[in-house]
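Per chain, numbering begins at 1; letters A, B, ... match sequence-line order.
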Amino acid sequence: MTAPATVRTRFCPSPTGLVHVGLVRTALFNWAHARHAGGAFVFRIEDTDAARDTEESYRHLVDSLRWLGLDWDEGPEVGGPHGPYRQSERHDVYREVAAKLLAAGSAYESFSTPEEVEARRLAAGQDPKLGYDNADRYLTDAQKAAFRDEGRRPVLRLRMPEEDLGWTDLVRGEVRFTAGAVPDFVLVRANGAPLYPFVNPVDDALMGITDVLRGEDLLPSTPRQLALYAALADIGIGTGAPRFGHLPLVTGEGTRKLSKRDPQSNLDVHRERGFLPEGLVNYLALLGWAIAEDRDVFTPAELVAAFDVTRVSANPARFDLRKAEAINATHLRALPVEEFVERVTPFLAAVGLVADPPTDDQRRVLTAIAPLAQERMVVLSDAVDLLGFLFTDEVALDPGAVGKQLSGSGAVEVLDAASAALADLADWSTAEIEAALRTALVDGLGRKPRQAFGPVRVAVSGRTVSPPLYESIELLGRERTLARLSAARGAAG
RNA sequence: GCCCCCAUCGUCUAGCGGUCCAGGACGCCGCCCUUUCAAGGCGGUAGCACGGGUUCGAACCCCGUUGGGGGCACCA
């Protein structure tokens, strides 16, 4: 098999619900493979199941791909020479191809009902799981007519070849299924509706897809698709089968495939928490692939430059949220300040902390605190708890923090001393604030730094964990700081 | 049940016959730094599933066992 001149990959989800991270990983590898090869990435919507597909889900898919930065060269909202790219708009194409396949003898009409097939298997002492028994392969015209007279409508089945079917998988190497293992499968339903095993290869052939990267769960369906591609080529559609690469499954907590029921499988959950798209893309790429022996943080551009599908691992990969968060945190810290402010604003605005866009003053504070906040955050939504105190007049004191730092008379002493030290401070700067507090609390009161600054931190931020104290106080301003010190004094004791 | 895939630290992986008494990352545990929390620095913990071959030599190749997973629709 010679490599095609131009690589064309595709992502062809069905708009039936949430966007699964395993699905995203598949899209990502197809995208990276196409981009690396300088080829094309095609986006196609497989909405042939009217009962389950929704317009909302379709729009969500488009939006998710955009958010992730996986741009497509052909597909919905972009167009292209092989459209339409939604299968619900391609029924005429399928009808025509089905008719040609039937005329060529590659496909045939089958009248057996599932119940009849099962009954025959049972009668022969066989496992019904074996499926269809190819019984209708050589029906005469008279037999077909008789069935029609009974009011039966046939399904269209592909005649599977009597030979082993194998291919060289891009990630697994040689894979081979023995002849007869796959029964003649249904292309078109009795009601005329074309099925996925039919439309998927038809569109791939028509759209010139050269490389199919998909989940391992689809590996067992490859032999029948190989047979279909051959039959299609015979009637002048496409040039035979594309290259296949079956990606390892993404598993959840246990060893099972990550379930739709598992919250972690939902892309939106991560997006709403404030994962960066490049952080998630980085992590997802690590599920089955490595950029280098001693490195695992990289940008999408670096991924594209280095991606090689033949280096993808064949074993299942567990979705590990902790590692995903660690990778995301690294990307978060690497963000330039303006970029960070830009991205975090929607999360603060959503809870009313800042305006969107922020006011000049809010922007000033955000920009100043950004470097200190970035290295304390894992996801963007962390900013709400971490920075909220800077954007409200009165901070809510965390009960746990109050118990830890404001109980006992010592706290009152500290707060009073801090107030006195800051009340008339000439130069309201981080350095002066630190000097004044140290003089008053550490030297004056003889407190250890840990005991001295704990109560002040809680008073100012409401929490035991906050950005660095002196910087926070400076940004908060004298008035609010003194008010909080005094409010905390009321809660202390 | 049948078919197929997979098998290196708890997890994701590097390793593509000798440079491996197996490297990195996450996690975990220490120590340093330190106003909290992080970040950062240093150190540690832990793995080639088992059994046969092939070979001068195997984590790497072959076979088997065991274990795990996926698929067996007129759903995608």
Side-chain angles (χ1 to χ4, degrees), chain A residues 12-16 46-49 51-53 87 110 112-114 126-132 153-157 169 171-172 175-178 180-183 185-197 199-200 215-223 246 248-249 251 253-257 283 286-297 311 313-327 329-330 333 372-378 386 401 404-405 434 437-438 441-442 448-454 456-458 461 463-470:
Chain A
C12 50
S14 201
T16 57
E46 307 226 327
D47 52 351
T48 53
D49 186 354
R52 299 199 306 160
D53 300 321
Q87 292 186 330
S110 170
S112 295
T113 64
Q126 297 167 330
D127 186 345
K129 279 257 168 76
L130 257 24
Y132 176 66
R153 308 284 301 154
V155 298
L156 193 68
R157 289 184 187 272
D169 198 272
V171 345
R172 280 151 220 279
V175 181
R176 178 149 245 94
F177 285 75
T178 48
V182 187
F185 64 100
V186 177
L187 265 19
V188 181
R189 275 203 267 208
N191 68 5
L195 263 16
Y196 161 80
V199 299
N200 178 273
E216 186 193 345
D217 49 340
L218 290 169
L219 190 147
S221 72
T222 307
H246 288 91
L249 253 24
T251 68
E253 278 310 310
T255 47
R256 299 298 185 79
K257 184 162 77 163
Y283 176 66
L286 254 16
L287 260 25
W289 183 77
I291 194 167
E293 181 171 350
D294 55 358
R295 176 174 173 219
D296 59 13
V297 174
R311 309 267 314 167
S313 155
N315 33 339
R318 166 102 106 262
F319 185 88
D320 179 3
L321 188 60
R322 307 284 290 179
K323 175 131 184 177
E325 289 175 342
I327 296 285
T330 305
R333 288 196 297 276
L372 302 174
Q374 279 172 273
E375 66 184 29
R376 289 169 172 74
M377 292 167 53
V378 168
L386 189 67
K404 237 177 281 180
Q405 296 289 354
E434 171 172 7
L437 287 177
R438 278 193 184 280
L441 308 180
V442 179
K448 287 199 162 71
R450 186 173 292 268
Q451 275 81 48
F453 299 114
V456 179
R457 180 184 305 282
V458 173
S461 72
R463 308 167 73 239
T464 53
V465 173
S466 78
L469 186 57
Y470 320 124

> The side chain of Leu195(A) lies closest to which of these nucleotides: rU35(B), rC74(B), rA39(B)?
Replying inline: rC74(B)
> Under 3.5 Å, is there a donor-acceptor pair between the side chain of Arg376(A) and the main chain of Leu372(A)?
Replying inline: yes
> NA contact type, Asp217(A), heavy-atom cut-off 4.0 Å: base, sugar-phosphate, or nothing?
Replying inline: sugar-phosphate
>> Treating Ser313(A) as the side-chain partner and Asn315(A) as the backbone partner, does any N or O pair qualify as donor plus acceptor under 3.5 Å?
In response: yes
> According to the Watson-Crick and G-U wobble definitions, with both distances under 3.5 Å, which nucleotide is paired to rC72(B)?
Replying inline: rG1(B)
> Lys257(A) NZ to rC4(B) P: how many Å, rounded?
Replying inline: 20 Å
> So, do Gln87(A) and Tyr196(A) sit near enough that their side-chain heavy atoms are less than 4.5 Å apart?
Replying inline: no
> Can you check whether Val458(A) reaches Thr464(A) side chain to side chain, under 4.5 Å on heavy atoms?
Replying inline: yes
>> What is the separation between atom CG on Asn315(A) and atom C1' on rU11(B), rounded to the nearest whole Å?
In response: 12 Å
> Among the nucleotides rC6(B), rG1(B), rA14(B), which one has an atom lying closest to any side-chain atom of Lys129(A)?
Replying inline: rG1(B)
> With both distances under 3.5 Å as the test, what is the Watson-Crick or G-U wobble partner of rC26(B)?
Replying inline: rG10(B)
>> Let's test this: given Watson-Crick or G-U wobble pairing with both distances under 3.5 Å, identify the partner of rC60(B).
In response: none
>> Let's see if you can work this out: which of rA76(B), rU35(B), rU36(B) has an atom nearest to the side-chain heavy atoms of Arg376(A)?
In response: rU36(B)
> Taking the C1' atom of each, how far is rG51(B) from rC42(B), in whole Å?
Replying inline: 43 Å
> Over how many whole Å does the gap from Tyr470(A) atom OH to rU35(B) atom C1' extend?
Replying inline: 4 Å
> Between rA25(B) atom C1' and Arg295(A) atom CZ, what is the distance in whole Å?
Replying inline: 13 Å
>> With nearest nucleotide decided by heavy atoms, which residue, Leu218(A) or Leu287(A), maps closer to the 5′ end of RNA chain B?
In response: Leu287(A)
> Expressed in whole Å, how much space separates the P atoms belonging to rA14(B) and rC4(B)?
Replying inline: 26 Å
> Is Arg333(A) touching bases, backbone alone, or none of the nucleic acid, heavy atoms closer than 4.0 Å?
Replying inline: sugar-phosphate
> Within the modelled atom types, does a donor on one side and an acceptor on the other bring the side chain of Arg322(A) and the base of rC26(B) under 3.5 Å apart?
Replying inline: no
>> Heavy-atom nearest nucleotide on RNA chain B for Leu249(A) versus Thr330(A): which residue maps closer to 5'?
In response: Thr330(A)
> Between rU13(B), rU36(B), rC26(B), which nucleotide gets closest to the side-chain atoms of Ser313(A)?
Replying inline: rU13(B)
> When rounded to the nearest Å, what value does the distance between C1' atoms of rG69(B) and rC74(B) take?
Replying inline: 28 Å
> In whole Å, what separates the C1' atom of rA46(B) from that of rU11(B)?
Replying inline: 12 Å
> So which nucleotide does rC33(B) pair with, by the Watson-Crick or G-U wobble rule with both distances under 3.5 Å?
Replying inline: none
> What nucleotide among rC4(B), rC74(B), rA76(B) has an atom nearest to a side-chain atom of Asp49(A)?
Replying inline: rA76(B)
> On a whole-Å scale, what distance lies between the P atoms belonging to rC9(B) and rA22(B)?
Replying inline: 14 Å
> When the distance from CG of Asp294(A) to P of rA14(B) is rounded to whole Å, what number comes out?
Replying inline: 13 Å
> Looking for any heavy atom pair under 4.0 Å, which part of the strands does Pro183(A) touch: base, sugar-phosphate only, or nothing?
Replying inline: nothing
> Can you tell if the side chain of Val175(A) reaches within under 4.5 Å of the side chain of Leu219(A), non-hydrogen atoms only?
Replying inline: yes
> Can you tell me how far C1' in rC16(B) sits from the matching atom in rC60(B), rounded to whole Å?
Replying inline: 7 Å
>> So if I take every side-chain heavy atom of Ala290(A) and compare against rU13(B), rG70(B), rC74(B), which nucleotide ends up nearest?
In response: rU13(B)
>> Could you tell me how far apart Glu293(A) (CD) and rC60(B) (C1') are, to the nearest whole angstrom?
In response: 15 Å
> Where is the tightest heavy-atom contact between Tyr283(A) and Ile327(A), given as atom of each residue plus distance?
Replying inline: N-CG2, 4.2 Å
> Contact class for Thr255(A) vs. all strands (heavy atom < 4.0 Å): base, sugar-phosphate, or nothing?
Replying inline: sugar-phosphate
> Within the structure shown, what part of the strands sits under 4.0 Å from Gly215(A) by heavy-atom distance: base, sugar-phosphate, or nothing?
Replying inline: nothing
> Between atom CZ in Arg318(A) and atom C1' in rA7(B), what is the gap in whole Å?
Replying inline: 14 Å
> Taking atom P in both rA49(B) and rA58(B), what distance in whole Å separates the two?
Replying inline: 15 Å
> Are Arg157(A) and Phe185(A) in a cation-pi setup, meaning NZ or CZ lies under 6.0 angstrom from the ring centre and within 45 degrees of the ring axis?
Replying inline: no
>> Without decimals, in angstroms, what is the distance between Lys323(A) NZ and rU11(B) P?
In response: 13 Å
> Where the side chain of Arg311(A) is defined as all heavy atoms beyond and including C-beta, which of rA14(B), rU36(B), rC74(B) is the nearest nucleotide?
Replying inline: rA14(B)
>> With a 3.5 Å limit on both atom pairs, tell me what rG47(B) is paired to, counting Watson-Crick and G-U wobble, or say none.
In response: none
>> Using side-chain heavy atoms (C-beta onward) and a distance below 4.5 Å, is Arg463(A) in contact with Arg457(A)?
In response: no
> Which value, in whole Å, describes the distance between the P atoms of nucleotides rC29(B) and rC37(B)?
Replying inline: 14 Å
>> Applying a 4.0 Å non-hydrogen cut-off, can you work out what Ala181(A) is touching in the nucleic acid: base, sugar-phosphate, or nothing?
In response: nothing
